[in-house]
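Below: one structure, written as structure tokens.
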Amino acid sequence: MTARRILMAEAALVGGALLVLLVKEWPGMMREMRIWRMAGSGPR
């Protein structure tokens, strides 16, 4: 395999891992945003 193909494979692996992490953490992030809004200190 060439260095370029190895780099592409690593990028795909890291991207996939980040996507899985985002999907797994999404409900918690939505809950935190709702709490911030209720507290009145959220981003505007």
Side-chain angles (χ1 to χ4, degrees):
M1 286 177 72
T2 65
R4 184 183 178 109
R5 287 183 69 180
I6 292 171
L7 191 61
M8 292 294 283
E10 287 179 356
L13 193 65
V14 170
L18 286 174
L19 187 63
V20 167
L21 185 64
L22 180 66
V23 167
K24 186 177 176 188
E25 292 296 325
W26 189 257
M29 289 190 300
M30 289 291 110
R31 187 169 54 244
E32 289 289 331
M33 287 173 64
R34 207 173 302 127
I35 290 168
W36 287 344
R37 268 195 223 116
M38 282 193 284
S41 62
R44 297 177 194 265

Checklist entry - Are Val14 and Leu7 linked, directly or through other ILVMFWY residues, by side chains that come within less than 4.5 angstrom of each other? => result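 They do not share one cluster, since no chain of ILVMFWY contacts under 4.5 Å joins Val14 to Leu7.
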
Item to check | CZ on Arg34 to CE on Met38, rounded to 0.5 Å | outcome: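 Met38 atom CE to Arg34 atom CZ measures 7.0 Å (nearest 0.5 Å).
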
Next on the checklist: With rounding to the nearest 0.5 angstrom, report the CE to NZ distance, Met29 to Lys24.
Outcome noted: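 Reported to 0.5 Å precision, the distance equals 13.0 Å.
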
